[in-house]
Amino acid sequence: MRIRTTALPLLAAGVLLAATGCAKEDDAAPSSPAGPRTVTSVSGCGKGSWTDPADLDPDREPARCAPKAPAPRPLPKERSLTIATGTLSAEYVAPLQMAVKKGEFKKEGLNVQLKVLPTPDALPLLAKGDIDAQWAAPEAAVMNGITSGFDIKWTAGNFSPAAGSKSGLWVKLKKNETASHVPMAGRKLGTMIGKGSVIAYPMNKALKKHGGGLDEIQFQQLGSADVLTALQNGGTDSAWLLDPVWRKVDGDKQYAFLGGQPRGEPLGGLLFGPNLLTKDPDAGVALLRAYIRTVNTYFTGDYKRDPAFVSELAKLLKTDEAVLKSTPSLRMDWEIRAGTTDRLQDAYHAAGVSEGDRIPEKKAVDRELYAEAVGHK
């Protein structure tokens with residue numbers, strides 16, 4: 001079992017910031033923002049197509065339009081776009097995969113290529129305009145990049161967990177410990193991502209309930225295949241287990257689930273660079289329109305109730321159908337909650353991976369493009 005320290009995410013962030021400096025010296029300044037855009041009502045996208053960003057109720061119904069809405073509005077000239085993603089096999093990437101398969105991007109006049117790239121590699125390319133968008137999250141490296149001058153914004157959400165999901169922080173209980181209170185200070189925590197990930201926010205929240213914090217635990221960065229093994233054989237005291245891995249310990253009294261991603265609050269989605277923010281926002285809105293239409297058509301409610309769709313999805317994601325059915329449907333959600341980037345930055349600061357002062361939300365988030373896609377003024 002290979003164990004790496006958290007130096008790797010910090011090193012990646014350092015490389016990213018160095019790349020920022022090169023981009024700022026070699027490239028022209030970002031385009032100036034365009035004037036106010038005209039927003040018109042969209043058929044099939046009524047009152048329910050927008051929710052108050054300040055609504056953090058975990059049972060909040062995600063925004064929805066009617067199936068096949070918003071309707072395509074093809075661009076006058078076909079546009080080729082590249083979207084970077086860390087994986088093509090995870091369920092949260094399924095709306096992008098399905099939009100390509102079903103031709104939803106094509107209907108907008110977009111030729112979309114999905115390219116697998118790790119976040120640290122993709123960010124400088126996004127900021128320079130070498131790629132157009134990124135399916136990722138406002139991780140510490142992203143926020144540090146924006147601080148140093150990257151023209152990048154979070155423009156759409158992805159998902160939040162279903163009520164029955166236990167993807168998150170699991171601990172192996174010691175003698176006389178119960179799930180209601182597990183002293184976490186000083187324990188080891190295994191994760192394949194590290195302190196700079198958006199999971200730092202829910203992780204810190206869960207740890208504080210049990211007498212710990214990001215600054216009071218020892219991180220062990222492990223390979224994806226090693227996280228569960230380390231927890232089971234004592235190599236680590238706790239671990240962040242993703243779908244469907246947590247099923248392996250669920251119901252075993254040796255282990256306790258301490259908490260996961262907040263329900264109703266997406267922590268990732270689409271990041272846009274200067275190409276779609278300022279140079280060609282029409283293409284940015286078209287991309288979001290296709291993504292939103294895909295969610296409304298294929299990913300509403302418990303989409304795994306349809307056996308034919310689960311089979312199609314399993315083939316698309318190249319995963320086992322039984323594995324896909326073993327976890328609840330995700331709550332696909334294109335909206336971004338108010339204050340999420342503030343809460344993420346507080347966690348990054350607690351973990352010691354943030355650079356400079358907290359970035360105000362308006363510098364990191366743009367809701368106007370997805371609002372335009374559904375006709376919300």
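Atoms considered below: every heavy atom in the structure, side chains included; atoms not considered: hydrogens, waters and symmetry mates.
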Given ring pair (Phe, Tyr, Trp, His ring centres under 6.0 Å), test Trp50 with Tyr370 step by step and report yes or no. CA-CA 10 Å; Trp50 175 273; Tyr370 73 67; 5.8 Å; yes

Check against side-chain contact (heavy atoms from CB on, under 4.5 Å), Glu139 and Thr119: CA-CA 9 Å; Glu139 298 178 348; Thr119 294; 3.9 Å; yes

Is there a side-chain contact (heavy atoms from CB on, under 4.5 Å) between Glu78 and Asn111 once you walk through the steps? CA-CA 7 Å; Glu78 186 178 80; Asn111 179 24; 4.2 Å; yes

Yes or no on side-chain hydrogen bond (donor to acceptor under 3.5 Å, both in side chains) for Ser180 and Thr178, after CA distance, side-chain angles and deciding distance? CA-CA 5 Å; Ser180 60; Thr178 65; 2.9 Å; yes

Could you go through the side-chain contact (heavy atoms from CB on, under 4.5 Å) check for Thr85 and Gln134 one step at a time? CA-CA 6 Å; Thr85 175; Gln134 190 170 351; over 6 Å; no

Going through the distances and angles, do Val182 and Leu173 end up as a side-chain contact (heavy atoms from CB on, under 4.5 Å)? CA-CA 7 Å; Val182 184; Leu173 298 172; 3.6 Å; yes

Show the numbers, then the answer: is there a ring pair (Phe, Tyr, Trp, His ring centres under 6.0 Å) between Trp170 and Tyr255? CA-CA 7 Å; Trp170 286 81; Tyr255 303 94; 7.3 Å; no

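Considering all non-hydrogen atoms of both residues, Ala94 and Leu313 come closest at CB-CD1, 3.7 Å. The two residues Pro262 and Leu267 have their closest heavy-atom pair at CD-CD1, 4.4 Å. Residues Arg60 and Pro266 share a closest heavy-atom pair of NH2-CD, 4.4 Å. A pairwise comparison of heavy atoms in Thr236 and Gly190 identifies OG1-N, 3.2 Å as the closest pair. Nearest heavy atoms, Val39 versus Lys377: O-CE, 2.9 Å. Taking both residues in full, the closest heavy atoms of Ala351 and Leu214 are given as CB-CD1, 3.9 Å, listed atom of the first, atom of the second, then distance.
Using a 4.5 Å cut-off on side-chain heavy atoms (C-beta onward), Arg37 and Pro281 make contact. Contact annotation: the side chain of Leu88 approaches that of Val116 to within less than 4.5 Å [non-hydrogen atoms, C-beta and beyond]. In this structure the side chain of Ser197 never reaches within 4.5 angstrom of the side chain of Thr191, judged on heavy atoms. Within the 4.5 Å cutoff, the side chain of Arg187 has heavy atoms near those of the Lys174 side chain. Side-chain contact between Pro67 and Thr300: absent, with no pair of heavy atoms (C-beta onward) separated by less than 4.5 Å. Taking the side chain as every heavy atom from C-beta outward, Leu81 and Gln113 never approach each other to under 4.5 Å. Taking 4.5 Å as the limit, every side-chain heavy atom of Ile292 sits out of range of all side-chain heavy atoms of Arg289. The shortest distance between side-chain heavy atoms of Pro53 and Arg367 falls below 4.5 Å.
Follow the hydrophobic side-chain contacts under 4.5 Å out from Met184 and you reach Trp246 in the same cluster. By the rule that hydrophobic residues join a cluster once side-chain heavy atoms approach within less than 4.5 Å of another member, Val295 and Leu114 end up as members of one cluster. Both Leu117 and Leu271 are assigned to one and the same hydrophobic cluster, defined by single-linkage of ILVMFWY side chains at heavy-atom distances under 4.5 Å. Cluster membership check: Leu231 shares its hydrophobic cluster with Val245, using side-chain heavy-atom separations under 4.5 Å among Ile, Leu, Val, Met, Phe, Trp and Tyr. Taken together through direct or relayed side-chain contacts under 4.5 Å among Ile, Leu, Val, Met, Phe, Trp and Tyr, Phe105 and Val42 form parts of separate hydrophobic clusters.
By the neighbour-count criterion of 12 heavy atoms within 6.0 Å, atom NZ of Lys205 is sparsely surrounded, having that number or fewer from other residues, nucleotides or ligands. In this structure, Arg73 places its CZ atom where only 12 or fewer heavy-atom neighbours from other residues, nucleotides or ligands lie under 6.0 Å away. Within 6.0 Å of the NZ atom in Lys102, the count of heavy atoms belonging to other residues, nucleotides or ligands exceeds 12.
Side-chain atoms of Thr327 and Lys304 form a donor-acceptor pair, as typed in the model, at a separation below 3.5 Å. Between the side chains of Thr340 and Glu265, at least one donor-acceptor pair of N or O atoms lies under 3.5 Å. Residues Thr51 and Glu335 bring a donor and an acceptor atom of their side chains to less than 3.5 Å of each other. Defined by atom type and a distance below 3.5 Å, a donor-acceptor pair is missing between the side-chain atoms of Asp366 and Thr155. Looking at Glu104 and Thr294, their side chains never bring a donor and an acceptor atom within 3.5 Å of each other.
Between Arg337 and Asp55, no side-chain nitrogen of the basic residue sits less than 4.0 Å from a carboxylate oxygen of the acidic one, so the salt-bridge criterion is not met. Under the 4.0 Å criterion applied to side-chain N and carboxylate O atoms, Asp250 and Lys166 are assigned as salt-bridge partners. A salt bridge is defined here as a Lys NZ or Arg NE, NH1 or NH2 lying under 4.0 Å from an Asp or Glu carboxylate O, and Glu368 with Lys153 fails to meet this definition. Ion pairing between a basic and an acidic side chain is recognised when a charged N comes within 4.0 Å of a carboxylate O; Lys172 and Asp237 show no such pairing. Of the charged side-chain nitrogens involved, none lies within less than 4.0 Å of a carboxylate oxygen, so that Asp59 and Arg331 do not count as a salt-bridged pair. A salt bridge is absent between Glu108 and Arg79: the closest approach of a Lys/Arg side-chain nitrogen to an acidic carboxylate oxygen does not fall below 4.0 angstrom.
A donor-acceptor contact shorter than 3.5 Å links the side chain of Ser160 to the backbone of Gly264. Asn275 places a side-chain N or O within 3.5 Å of a backbone atom of Gly129 that can act as its donor or acceptor partner. Remark: side-chain polar atoms of Ser165 are not paired, donor with acceptor, to backbone N or O of Pro161 under 3.5 angstrom. One N or O on the side chain of Asn144 and one on the backbone of Val353 form a donor-acceptor pair closer than 3.5 Å. With Ser238 contributing its side chain and Lys188 its backbone, the two residues share a donor-acceptor pair below 3.5 Å. At distances below 3.5 Å, not a single donor-acceptor pair connects side-chain atoms of Ser311 with backbone N or O atoms of Pro307.
By the 30° and 60° cut-offs, the orientation of the rings of Phe299 relative to Phe309 is perpendicular.
Here the straight-line distance linking atom SG of Cys45 with atom CG of Asn296 works out to 6.0 Å at 0.5 Å rounding. Distance check, rounded to the nearest 0.5 Å: CD of Glu355 to OG of Ser148 gives 8.5 Å. With rounding to the nearest 0.5 Å, the separation of OG in Ser326 from NZ in Lys248 is 9.0 Å. Of the inter-residue distances, the one linking Tyr348 atom OH with Tyr201 atom OH reads 11.0 Å to the nearest 0.5 angstrom. A distance of 4.0 Å separates CD1 in Ile152 from CG in Leu126, rounded to the nearest 0.5 Å. Taking CD1 of Ile146 as the reference point, atom CD1 of Ile359 lies at 5.0 Å (rounded to 0.5 Å).
Residue Tyr291 forms a ring-ring contact (aromatic ring centres under 6.0 Å, His included) with just one option from Phe272, Trp135, Trp334, and that option is Trp135.
For Thr87, the side chain to side chain contact (heavy atoms under 4.5 Å, CB included) partners two or more places apart in sequence, or in a different chain, are Ser89, Ala90, Tyr92, Val93.
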